[in-house]
Amino acid sequence: MQVFHRSTNTLSRVSVFGAVFFLGLLLWLFDALNRSPYTTLQGVARVQPVQFSHKHHVGAMGIDCRYCHTTVERAAYANIPPTKTCMNCHSQIWNQSPELEPVRDSWRTDRSIDWVKVYDLPDYVYFNHSIHVSKGVGCETCHGRVDRMPLISQHPTLQMSWCLDCHRNTERYLRPADQVFTMGYVPAGDQEEIGRQLQRDYRIRPVFELTDCSTCHR
Amino acid sequence: MGDRLELLRGREYWRSLEELGGAEDLEHLDREFQVPIDSGVNRRELLTLMGASIALAGLTGCTRQPTERIYPYVKPPEEVVPGEPLYYATAQVHGGYARGIVAESYEGRPIKIEGNALHPASLGGTDVFAQGFLLNLYDPDRSQTLTERGEIRPWSAFLASMRLALEKERPSRGAGLRFLTTSVSSPTLAAQMASILQAFPEARWVAWEPAGRDNVYEGARLAFGEAAEPCYAFDRADVILSLEADFLGVGPAQPRAVRDFASRRRGENSNRLYVVESTPSLTGARADHRRPLTPVEIEALARAVAAAVGAVPARAAADPFADAVAKDLLAHRGSGLVVAGESQPPIVHALAHVINQSLGNVGTTVAYIDPVLAGPPNQSAALAELASDMRAGRVSTLAILGGNPVFTAPADLRFAEAMEKVPLRLHLSLYDDETSRLCHWQIPEAHGLEAWSDARAFDGTATILQPLILPLYGGKSGHEFLAAFSDQPEKTGHDLVHEHWKGRLPGGDFEAAWRRALHDGVVLGTAFPPKTVAPRSLPPAAPARESAETLTALFRPDPTVWDGAYANNGWLQELPKPLTKLTWDNAALISPSTSERLGVSTEDVVELFLEGRKVTAPVWVMPGQADGCVTLHFGYGRTRGGRIANGKGFDAYALRSGAGLWSRAGLETRKTGSHYPLVTTQHQNRMEGRGLVRAVTAEQYRSDPGIVQRMGEHPPGPADTLYPKLPTGSYAWGLSIDLSACVGCNACVVACQSENNSPVVGKHEVSRGRAMPWIRIDRYYSGELENPDTLFQPVTCMHCENAPCETVCPVAATVHSAEGLNQMVYNRCVGTRYCSNNCPYKVRRFNFFLYADFKSDLWKMVRNPEVTVRSRGVMEKCTYCVQRINRARITAERENRPIRDGEIVTACQQACPARAIVFGNLDDPGSLVAKARAEKRQYGLLAELGTRPRTTYLASISNPNPALRAAATPERGA
Amino acid sequence: MTDGTTRETASGRVGPPSGTILAPGYTFTTITDKLASIALSRRTPKAWFFGAAVGFVLTMTLLAAITWLLFRGIGIWGVNQPVGWGFEIVNFVWWIGIGHAGTLISAILLLLRQPWRNSINRFAEAMTIFAVACAAIYPTFHTGRPWLDYWLIPYPNTMGMWPNFRSPLIWDVFAVSTYATVSLLFWFVGMIPDLATLRDRAQKMWAKVVYGMLAMGWRGSARHWQRYETASLLLAGLATPLVVSVHTVVSFDFAAGIVPGWHATIFPPYFVAGAIYAGFAMVLTLAIPLRKMYSLGDFITAKHLDNMAKILLATGLIVGYGYVVEAFMAFYSGNPFERYMIWNRIGGPYRHMYWALLFCNLLTPQLLWFRRARRSTATLFVVAMIVNVGMWLERYVIVVVSLSRDFVPSSWGLYRATIFDWATFIGSIGLFLALMFLFLRLLPMISIFEMRQILPEAKVAEEEA
């Protein structure tokens, strides 16, 4: 007596060969998820206590990055501005606007404004702003067109391969020292060419040094 | 037992107990089946939960960063740059004396202690206590609330009740008022005390330091008729005789002494050191000629030498050793030096003084100044008087500033019992300790990094101590406490110190001078001027107090927890004692032959009886110990010292009497038959004939400089490798360690732990071979074990150019950097431990559990933010302080210049008081490290394996006296 | 009915005359009946229930131990500085070694046309697979962060990193996984005809379905047989080099290190021989009781045992040679560390281990020179058992003893296994037993059709199968 219907033959064949593709699909899904904004939070705007708009302050009013991020040229951290920096202007203008209440409150109560960290590297990564800025890596290169962001969101994936892409091909990203803080910089000519020249000017270390683990991990 | 002792002889002897004989090897079942987690530190129970959660988080593969928040300043404090350290000069007060330190602080958190190069007692170096000092600041077990009879009270309430108490004292002009402090050199405190004693003429100030300097001062009084403080210049001495003076191990100026001594021990023309001592010390370990002698014999020898140099009328019998030493001293008039240790009776000090006088060493190698300690002289006598006063009910108010007298006072005073008779007892202390328990008022003391104060160094130089952080637990400084007894009790510590120094600082503008003093960490021109002293004739030798059959008990402060003040300090508890390599315990040290006589061996528990008092202690057979002497380190056996301190070791104070503070004959022992596991980090004490530590005599080296190279196999050349040559970067980092200079003091070990966030793992984990130091100091013995040569070797990661660990790591978590660093990437490590197996130096450390504390905020505060805190299951090891390299490089590159030699200082190098460690760029021929490499005595550890280590050593060169050649060191090194 | 009687006669006999590999008096049917019935109709012997129970209990222990391991970290084991590898690697190598005999018997003896293999190859292969499964547990969980083990696999990742292909552990990943896959395929493919037989003879519906699916529509047509022969021949050809490669690569884990006692060129051949040695010892340890339990004296004859005993003796001698060379080279090299290593084995704190190892692996097998010993199942069993222990000790001596005292005396230290080390070890044995007993119960433990091929009729009656 026959247990199996004829079709099972086909079924078994399909399953035998299909298994391979099925596994492949699973792996691909996993990898895709791993690179997706769900994991990296790339391009995800965060809710902040104050709806601070870089678009307005940088884009419209053209305030220099360093007005608020004062230590970017001399320290590892680019320094989230203290409440005082905000109050410099906002004690005069918009000093009644409800959006700025948290700022004024912080000023009154001497309690910090509680920002959500957007560019959050793992604790075992030691990034230093000052050296990148002084070696001609533009703010825009990592932070994107901040002057067009009403709310700040993470521009790159911040995954290691992204860091390495630059550390392996600095010539593609370097800018002249005076262009570091400009938004929407366009290289005057072939970037690769300029980049190679700048590598010499900045005395950029060779790739095998820039990609040493201890450059970022300690 | 006899045959067991046969085993103990020769090479077998050196096996640690479990390696001894056959039986022990396989009967581990008892240890095997206990839960292999350190139950000592219960914190870990909680941490495992985190271990699991990390595991789960990891399992998902793609982990999202948890949302972090930023809290910027509201009004930014000037000069604070987030993430950039600031450095403040202050001082650590140790035994009353100041040692200059520079504290590194991140956003108001002190995270590292360095020596202050401007301070005479430090010259940039530190000892283990200065490093451990930092951890005590954050200790969660510190006394945290001001209490009266257990009730929490505000500071104001304390002041109020003091006002009442003082009113009661006034009529009797303070007859019932007693102040008990530790040794004090603080000018401000002394002044405060003076003014109080003016207001209350009948009141008394008593000072008690368990490891005090009474003998030194009394010795001077005996020799000169007046108290004086001897200051030694070891850098000027060609020949030094130490009468159990452990100036390299302890003492008011230990870092300075080591620096000066080591500065004369590089290369072939080094100084010569004779040491006679009852128990092995770091100084003895560096001696060219060392003799283990009982206290009585030491005095006899001192007299013999004194007679031989003609300082005293010859009476003593001739002794070849004494004669040789005397000849050497005579041959070096004015450049010789005789030093007596704190543990020696006044007469020995006096003898040392007269010898130095008659040899004309005074003014060159030794100078005398007024006593630096402000407190009343002869502490033990004063303390005894206090005890009797209390017992007689003559004391109505006892104010205790710091210290822990109930625990540390001589046992025969029965201090606690006497104290109970005092109606009002106050205690200002860092911990709610044994003394606090018996006091009505417990006032949390401000830690040295939390308070304003001042103190003097060994030479009188004053330092103004500035706080780096507000008191974590609202503690008060001694000054503020004393102010409560003055007419202006509300004064802050800052005002008190500030006012005291008004008009006392050099220069017209006081505020400028004040700021300068704070900046430098020293007050210029406050060193005491040398004073001239005239020796008097000395009393004849007292009859010997020792007999062959009874033993002599020696009481010494513990090398790592000191007098008990550091007993709750995890770093120092886990720090191996420099000579025994014991951790987490003290033991009764006895010489091999004495152990034979008593029929006991290491880890046997014995009962010790002295003058009717008893303690139970485990035995440690100590090579080089004087026969018949039992060394007991006090500071252990705490009952209210904190979670770490309590129940560790035994309390040697219980045997210590006022009459025998340092040594006492008449000790008797009884075997109990039980065993106590002592945990050491080094089981094997011989080098098995391997040329690991290479030591030669100056004579050998002079006649044949190549000898050091021939003490090991010839290493293969750079070309002898199958692996492709790595690209060479802009720098080639290398480290050189001078074994001639190294005294094995351990400062580098604690400094490294502090700098690199190394965890404390607890006794049980150490016993399982899981201690986590990145730099360890190997200690080997050679020669006969009654009086062996002791050899030290600090071992860091060698950063091999052909690193065996790198080839075997499956995930490339440890790889070579272009600049020659052997990089360890924690976040890439999966923990196969293959690298550690394949490391011939065994310098890699593995996080078998979640050792690092990710929970308690206080421990988070002590961490160096520049260094990753390692999690469970990853390998770690010495990085050459890569965070310091990177900081220097970034600064240099921002300024478009190369890194200068000496710009990068590793933590171990910075702490090293001997300047034995040099770090730098090997490619730069001008660099110190390159120069060190060029020396003939330079060699690589196990270089014959072809690892091409970047850490290399300079062979140790001793300078024995040819006249004593017969007795001199036999097979050194190999 | 005839079946019944023949079965009587077949198993009634004490044992077949020596020299034969199958008792006379069997026909295609009787063989099929007898072997298929073990899985289908015949009553499960009490011994089975007992054995299976033990196996499952111990498996649970293993699970408990591993759960705790993940929870607390590998600190619960005895590993330390300097002994970074303990039981886990010892057991890994031990199991992998055991996992050799199966494929060797099947593949190599198949290529060598050794018909006597037919009765033992099936469960030998099963043993291989289960042993490899047990072995795989250890490298997987012995890492500090097992949840990151996948970093050992080269795949395009967000870190822009590759594993370190210079590391023997990476070679291990490939070697072991390949070996496991091929062995599994070989075993399964080899079983298909028998699964079909079971399918056809099964009474219960679920059995029909399950066996049916596994049989993958085998109808025993000439085309099937022709395909089958090529497939198994190909797999055999594939498996043969693997037998050699796996343990060679495993030996590299040590040979590639610089630790005295590891860094030896003799290791690859010495390990492979040791593996076969251990493998056959385990086959014997299993075959002898099975023979009793299912009264298979007719199929696993004295001839089989004798052959295996001879192989045991031969490989044992090679292993012994390995020991001698190890010691000789240590002295001949003039390398002080190597010399000390040998002295340490002979007289160090672990000397007991070393001497016990010599007794087990060098002395005991010498018994097998004697025919009487080879013919007595009891002696054989004991010898095999001792060899199993000996091979474990060998790995212990290599891994632990070498590490406990290497170059710098200050860092020497002892290794003590904890209760969790033991639990994991015994647990893995439990897992092995559990799988083995399941296999015995549910699948044909002796290849039915290959047994039939042994019959003289087979030469002419191929198509009847």
Side-chain angles (χ1 to χ4, degrees), chain B residues 18-19 22 25-26 28 31-33 36-37 48 51-52 55 58-59 61 682-684 686-690 692 765 768-771 776 778-780 795 804 807-812 828-834 836-838 840-842 844-850 872-875 942 945, chain C residues 70-85 139 142-152 159 161-164 166-170 173 253 256-259 262 336-337 340 348-352 403 405-414 416-420 422:
Chain B
E18 75 266 23
E19 296 187 30
D25 297 344
L26 296 173
H28 299 136
R31 302 212 184 157
E32 213 160 280
F33 290 99
I37 313 293
T48 51
L59 280 168
Q682 186 176 343
H683 301 293
Q684 187 71 0
R686 292 270 189 186
M687 279 187 288
E688 299 295 339
R690 302 171 180 187
L692 305 175
E765 285 297 283
R768 305 178 69 200
R770 294 171 179 184
R776 63 169 197 265
D778 291 348
R779 187 262 301 112
Y780 298 104
V795 181
T807 56
V808 296
C809 174
V811 292
R828 174 69 175 175
C829 177
V830 299
T832 66
R833 307 184 298 296
Y834 199 173
S836 169
N837 291 343
N838 216 36
Y841 310 95
K842 288 290 171 282
R844 294 180 153 261
R845 299 286 173 259
F846 189 69
N847 290 270
F848 288 93
F849 291 115
L850 189 62
R872 169 190 140 192
V874 304
M875 191 62 70
L942 293 174
L945 299 177
Chain C
L70 288 174
F71 189 68
R72 296 307 287 266
I74 63 155
I76 65 171
W77 288 346
V79 282
N80 61 18
Q81 304 281 347
V83 186
W85 286 350
H142 98 292
T143 60
R145 304 196 290 174
W147 49 91
L148 296 177
D149 285 350
Y150 64 92
W151 282 352
L152 272 76
M159 292 168 280
M161 289 273 299
W162 292 110
N164 173 14
R166 289 191 302 179
S167 167
L169 293 189
I170 292 292
V173 172
D253 290 350
I258 67 168
V259 181
W262 283 15
F337 305 114
Y340 186 87
Y350 290 104
R351 55 186 173 282
H352 312 76
L403 283 173
R405 294 189 168 180
D406 59 352
F407 292 97
V408 180
S410 73
S411 303
W412 291 356
L414 294 177
R416 293 195 196 96
T418 65
I419 183 169
F420 296 100
W422 286 107

Please determine whether side-chain contact (heavy atoms from CB on, under 4.5 Å) holds for the pair N80(C) and F846(B), giving the CA-CA distance in whole Å, both sets of side-chain angles, and the decisive distance to 0.1 Å.
CA-CA 8 Å; N80(C) 61 18; F846(B) 189 69; over 6 Å; no

Partners meeting side chain to side chain contact (heavy atoms under 4.5 Å, CB included) with P409(C) (sequence neighbours left out):
Q684(B), E688(B), R690(B), L692(B), Y780(B), W412(C)

Part of W262(C) within contact of chain B (heavy atom distance under 4.5 Å)
side chain

Between I258(C), L403(C), V259(C), the one whose heavy-atom pairs under 4.5 Å with chain B are most numerous
I258(C)

Looking at side-chain heavy atoms only, is the closest gap between F848(B) and W77(C) below 4.5 Å?
no

Considering only heavy atoms from C-beta outward, does the side chain of H683(B) approach that of L414(C) to under 4.5 Å?
no

Can you tell if the side chain of Y834(B) reaches within under 4.5 Å of the side chain of P168(C), non-hydrogen atoms only?
yes

Non-neighbouring partners of Y841(B) that pass side-chain hydrogen bond (donor to acceptor under 3.5 Å, both in side chains), sequence neighbours left out
T947(B)

Chain B shares the most heavy-atom pairs under 4.5 Å, among P336(C), P139(C), G78(C), with G78(C)

I'd like to know which of D778(B), V874(B), N837(B) tops the heavy-atom pair count under 4.5 Å against chain C.
N837(B)

Quick one: pull up CG in L945(B) and CZ in F337(C) and give me the separation to the nearest 0.5 Å.
5.5 Å

Can you tell me which of A771(B), A812(B), P810(B), G769(B) forms the most heavy-atom pairs within a distance under 4.5 Å of chain C?
P810(B)

Measure V173(C) against the heavy atoms of chain B and call it side chain, backbone, both or neither at under 4.5 Å.
neither

Does R872(B) use its side chain to pair, donor to acceptor, with the backbone of R145(C) at less than 3.5 Å?
no

